[in-house]
Amino acid sequence: MKSRRIGLEANIVRYEQGKDLEDGVELLADVVTKGWIVTEFLVKIHREDGTIVCPYIITRRGRIFIGENDYIIIDEDGTKHVCGADKIWSRYEKPEGIE
């Protein structure tokens, strides 16, 4: 059976540090040693104390780490998703004036 997802309006924001879009951060050392993900393209925030942390959002599937140039999608109901720049405009309508 095929079905089309019911349309929801969503806010789409390119991730930028300092905009409070993430739900938390994890030490890069923990991401590398405890995770099974490629860390090469993750956003890395260098703190004054010398630690490096990686921002993430929490979804029903767990923590999703934010990569360079990723977009944060916030649905009307507050649900958050992460989408890469390579896929965002094939999944969402592109607003006028956006290149």
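Shown here are the side chain to side chain donor-acceptor pair (under 3.5 Å) partners of Asp86, two or more places apart in sequence or in another chain: there are none. Residues forming a side chain to side chain donor-acceptor pair (under 3.5 Å) with Arg14 (at least two apart in sequence, or on another chain): Asn69, Tyr71. Scored by the side chain to side chain contact (heavy atoms under 4.5 Å, CB included) test, Leu42 finds Val31, Ile37, Thr39, Lys44, Cys54, Phe65 as partners (sequence neighbours excluded). Arg47 meets the side chain to side chain contact (heavy atoms under 4.5 Å, CB included) test with Val25, Asp49, Thr51, Val53; sequence neighbours excluded. The side chain to side chain donor-acceptor pair (under 3.5 Å) search around Thr79 returns Asp77, not counting sequence neighbours.
One hydrophobic cluster, built from ILVMFWY side chains closer than 4.5 Å, holds both Val13 and Val82. By the criterion of side-chain heavy atoms lying less than 4.5 angstrom apart, applied directly or through intervening Ile, Leu, Val, Met, Phe, Trp or Tyr residues, Leu28 is not grouped with Phe41; the two fall into different hydrophobic clusters. In the hydrophobic clustering of ILVMFWY residues, with side-chain heavy atoms under 4.5 Å counting as a link, Ile64 and Leu27 come out together.
Residues Ile88 and Ile73 form a side-chain contact, since some pair of their non-hydrogen atoms from C-beta on lies under 4.5 Å apart.
Every pair passing side-chain hydrogen bond (donor to acceptor under 3.5 Å, both in side chains) that includes a residue from residues 17-29 is listed here, sequence neighbours excluded: Tyr15-Glu22, Asp23-Lys80, Glu26-Arg63.
The shortest non-hydrogen separation linking Ile66 to Ile57 is CD1-CG2, 4.3 Å.
With a 6.0 Å radius and a threshold of 12 heavy atoms from other residues, nucleotides or ligands, Glu76 has its CD atom above the threshold. Other residues, nucleotides and ligands place no more than 12 heavy atoms under 6.0 Å from the NZ atom of Lys87.
We find the CD1-CG distance between Ile12 and Asp75 to be 9.0 Å, quoted to the nearest 0.5 Å.
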